[in-house]
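Beneath this line is the structure, given in structure tokens, with notes to follow.
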Amino acid sequence: ETGVTQTPRHLVMGMTNKKSLKCEQHLGHNAMYWYKQSAKKPLELMFVYSLEERVENNSVPSRFSPECPNSSHLFLHLHTLQPEDSALYLCASSQGIGGVKNEQFFGPGTRLTVL
Amino acid sequence: GENVEQHPSTLSVQEGDSAVIKCTYSDSASNYFPWYKQELGKRPQLIIDIRSNVGEKKDQRIAVTLNKTAKHFSLHITETQPEDSAVYFCAASQGTSGTYKYIFGTGTRLKVLA
């Protein structure tokens with residue numbers, strides 16, 4: 001699969017578990033994003049990274065911890081989640097600094113269920 | 001805070017008719033307005049976008065209009081087809097540090113009836 005990939009596609013975890021979501025982009029982009037998509041709510045921007053530096057943190061609870069080791073990979077570490085955190089988590093990337101296109105390319109998402 | 005309102009939340013049209021979805025944004029610094037289509041179980045995909053220096057843009061059956069003064073922008077789909085059925089999201093954004101913070105609307109579920 002090309003473009004933006006995410007693993008796992010589905011994840012069920014208990015409230016005391018620790019898990020990580022992974023995103024990888026094969027587009028040579030410099031900016032990456034995490035979004036949360038819940039039913040009947042707009043896509044909520046969680047984190048933005050530009051050249052591996054976090055430039056946006058939208059008041060996300062500390063139980064979500066992002067990591068961007070390089071411009072191609074983005075992780076979301078999950079710890080002590082709540083049932084209301086169940087949602088589709090989407091990763092996206094864009095050209096970023098020096099680019100002329102604003103378009104964000106989305107991954108297929110990870111469907112997270114917290115029991 | 002910044003927000004984008006999108007209406008209607010659901011829209012049903014007969015095949016061949018037109019569909020219009022409207023969005024209003026609050027941040028006057030927004031300068032880029034994309035529209036995404038998300039089919040059931042799939043990722044959002046860009047279908048058309050418009051920048052603040054343009055009032056209208058068209059791509060085949062899809063067009064977007066922007067009224068900066070009123071902070072309104074709209075998606076127009078003509079000659080709708082069953083494959084147009086999906087959820088459509090508008091967004092308003094501005095570039096910061098080379099990234100683009102999108103504020104999305106709540107989405108419109110479009111159903112095209114055959």
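Throughout, a chain's letter reflects where its sequence line sits, starting with A, and its residues are numbered from 1.
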(message) Assigning hydrophobic clusters by single linkage (Ile, Leu, Val, Met, Phe, Trp, Tyr; side-chain heavy-atom cutoff under 4.5 Å), is A/F75 placed with A/V114?
(response) no
(message) Do B/Y25 and A/L45 land in one hydrophobic cluster if side-chain heavy atoms of ILVMFWY residues count as linked below 4.5 Å?
(response) no
Within a reach of under 6.0 Å around [atom1] of [X], are more than 12 heavy atoms found that belong to other residues, nucleotides or ligands?
| X | atom1 | answer |
| --- | --- | --- |
| B/E79 | CD | no |
| B/Q60 | CD | no |
| B/L40 | CG | no |

(request) Identify which of A/R111, A/Q37, A/E53, A/K41 forms the greatest number of heavy-atom pairs closer than 4.5 Å to chain B. (result) A/Q37
(request) Could you tell me which non-hydrogen atom of A/P42 sits nearest to which non-hydrogen atom of B/G105, and how far apart they are? (result) CB-O, 3.3 Å
(message) Using 0.5 Å steps for rounding, measure from the CD atom of A/Q104 to the NZ atom of B/K101.
(response) 12.0 Å
(request) Identify which one of B/F104, B/Y36, B/Y102 satisfies the side chain to side chain contact (heavy atoms under 4.5 Å, CB included) criterion when paired with A/L43. (result) B/F104
(message) Quick check on side chain to side chain contact (heavy atoms under 4.5 Å, CB included): which of B/Q38, B/R43, B/K42 does A/F106 satisfy it with?
(response) B/R43
(request) Name the region of B/P44, side chain, backbone, both or neither, that has any atom closer than 4.5 Å to a heavy atom of chain A. (result) both
